[in-house]
Amino acid sequence: MEEIFNLPVFFTLFILIYIISYFIIFKSWTPQTRPEASSCIISLFHSTPAVILSVNAVTSAVNPTFSSPNTAMQNTVLDYSISYFLTDLMHYLIFYPNDVLFIGHHVATLFVFVTCRYVTSHGACAILGLLFLAEVTSACQNAWTLAGLRKDDSVVARKVLGILSLPFYGFYSVVRGLFGPYYVYKMTSFYVHEKDSMMMTIPMWVWVSWIVVVVTAIGVSNLWVFNLWVEFFKKRSEKQKLR
């Protein structure tokens, strides 16, 4: 019964972290950078715990498969992530209402988590595997983003950005470009093969929706990092010409 309290408790936690970040931690930052910096902080509080908790929730389950019933621990991790994405969605709706791409991403991600947690109550092992792949790069990404926000007025931030860019791009590319597609391939193969036996646990419309959302997210992520690579090599080329 205590599971029903997870969502409001976690949601309140992320709201408080965001408020503290916005009004205290980043009080001296500009109005343009404070919202995004605060978003990075709640992302940091979500990403690393989500990675650790996802691994624990999946490995502690008995005979886990992509369609097995959710355990209490797995539901807790899903509630934790739902709370984060709800908070960050509110952030975008308030400060960046025209950022359709991120708003759409968060809505789609919430659809996947909510259907797994509250509609099917099955398949958390599959979804938490995706969560692991999505969040394992987030700590580095948030540090890179925070440094980028201050690069114009901080020498330290510019140095940190320069140090982080190459390893972050490489790490992100490997996870989203190699491991992500392979994992989705394994998920899709499993669901296609087991679709008849899953009719009463994970209906076809649910798992097909999951696959569509994830494939789209991976495609957008790879396009994003590809553009970062293009910009990176363009700047490197320009620096070499100036020597």
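Positions are given from 1 along the sequence.
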Over all atoms of both residues, closest heavy-atom pair of [X] and [Y]:
| X | Y | answer |
| --- | --- | --- |
| Phe10 | Thr76 | CE1-O, 3.6 Å |
| Ile103 | Pro97 | CD1-O, 3.6 Å |
| Leu110 | Ile82 | CD2-O, 3.6 Å |
| Gln74 | Cys125 | NE2-SG, 3.4 Å |
| Cys40 | Thr145 | SG-CG2, 3.6 Å |
| Ser67 | His122 | O-CD2, 3.3 Å |

Side-chain donor/acceptor of [X] to backbone N/O of [Y], under 3.5 Å:
| X | Y | answer |
| --- | --- | --- |
| Glu135 | Val51 | no |
| Thr12 | Pro8 | yes |
| Arg176 | Ile218 | no |
| Asn142 | Ser138 | yes |
| Asn70 | Ala124 | yes |
| Ser39 | Pro35 | no |
| Asn6 | Tyr80 | no |

Problem set entry | Criterion side chain to side chain contact (heavy atoms under 4.5 Å, CB included) on Leu149 and Trp29, from CA distance to verdict | CA-CA 10 Å; Leu149 291 174; Trp29 287 36; 4.1 Å; yes
Is any side-chain heavy atom of [X] closer than 4.5 Å to a side-chain heavy atom of [Y]?
| X | Y | answer |
| --- | --- | --- |
| Asp99 | Leu101 | yes |
| Ser60 | Thr71 | no |
| Thr65 | Phe190 | yes |
| Phe113 | Phe85 | yes |

Cluster question for you: counting only ILVMFWY and a side-chain heavy-atom cut-off of under 4.5 Å, with indirect links fine, are [X] and [Y] together?
| X | Y | result |
| --- | --- | --- |
| Leu93 | Ile19 | yes |
| Phe171 | Leu161 | no |
| Val174 | Leu130 | yes |
| Tyr172 | Val175 | no |
| Val114 | Leu86 | yes |

What is the ring orientation for [X] with [Y], classed by angle as parallel under 30°, tilted 30 to 60°, or perpendicular over 60°?
| X | Y | answer |
| --- | --- | --- |
| Tyr182 | Tyr185 | tilted |
| Trp144 | Tyr169 | perpendicular |
| Trp224 | Phe168 | perpendicular |

Exercise. Which other residues belong to the hydrophobic cluster containing Val230, where Ile, Leu, Val, Met, Phe, Trp and Tyr are joined when side-chain heavy atoms lie under 4.5 Å apart, directly or via other members?
Worked result: Phe226
When rounded to the nearest 0.5 angstrom, what is the spacing between [atom1] in [X] and [atom2] in [Y]?
| X | Y | atom1 | atom2 | result |
| --- | --- | --- | --- | --- |
| Leu133 | Leu128 | CG | CG | 11.0 Å |
| Asp153 | Thr33 | CG | OG1 | 8.0 Å |
| Thr59 | Met73 | OG1 | CE | 9.0 Å |
| Ser81 | Arg117 | OG | CZ | 12.0 Å |
| Lys195 | Ile202 | NZ | CD1 | 14.5 Å |
| Leu164 | Lys159 | CG | NZ | 14.0 Å |

Exercise. Is it the case that more than 12 heavy atoms not belonging to Tyr191 sit under 6.0 Å from its OH atom?
Worked result: yes
Exercise. Is the number of heavy atoms from other residues, nucleotides or ligands within 6.0 Å of CZ (Phe232) greater than 12?
Worked result: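 Yes, enclosed.
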For this session: Provide the full list of side chain to side chain donor-acceptor pair (under 3.5 Å) pairs with a residue in residues 199-213, sequence neighbours left out, each pair given once.
Result: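 Side chain to side chain donor-acceptor pair (under 3.5 Å) check on residues 199-213 returns Thr115-Trp210.
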Exercise. Checking side chain to side chain contact (heavy atoms under 4.5 Å, CB included) for the pair Met90/Ile15: CA distance, chi angles, key distance, verdict?
Worked result: CA-CA 10 Å; Met90 289 175 59; Ile15 290 291; 4.2 Å; yes
Exercise. Below 6.0 angstrom between ring centroids: does that apply to Phe66 and Tyr183?
Worked result: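 That pair passes the under 6.0 Å test.
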Problem set entry | Residues Leu13, Ser83; criterion side chain to side chain contact (heavy atoms under 4.5 Å, CB included); working and verdict | CA-CA 9 Å; Leu13 173 65; Ser83 301; over 6 Å; no
Exercise. Taking only residues two or more places apart in sequence, or in another chain, which ones meet Phe11 in a ring pair (Phe, Tyr, Trp, His ring centres under 6.0 Å)?
Worked result: none
For this session: Assess whether side-chain hydrogen bond (donor to acceptor under 3.5 Å, both in side chains) is satisfied between His106 and Tyr92, documenting all intermediate values.
Result: CA-CA 9 Å; His106 281 26; Tyr92 276 99; 5.5 Å; no
Problem set entry | Stepwise side chain to side chain contact (heavy atoms under 4.5 Å, CB included) check, Leu166 with Trp229 | CA-CA 9 Å; Leu166 186 59; Trp229 279 116; 3.6 Å; yes
For this session: May I ask you to establish whether Arg34 and Tyr22 are in a cation-pi arrangement, using a distance under 6.0 Å from NZ or CZ to the six-membered ring centre and at most 45° from the ring axis?
Result: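 Ring-cation test returns yes.
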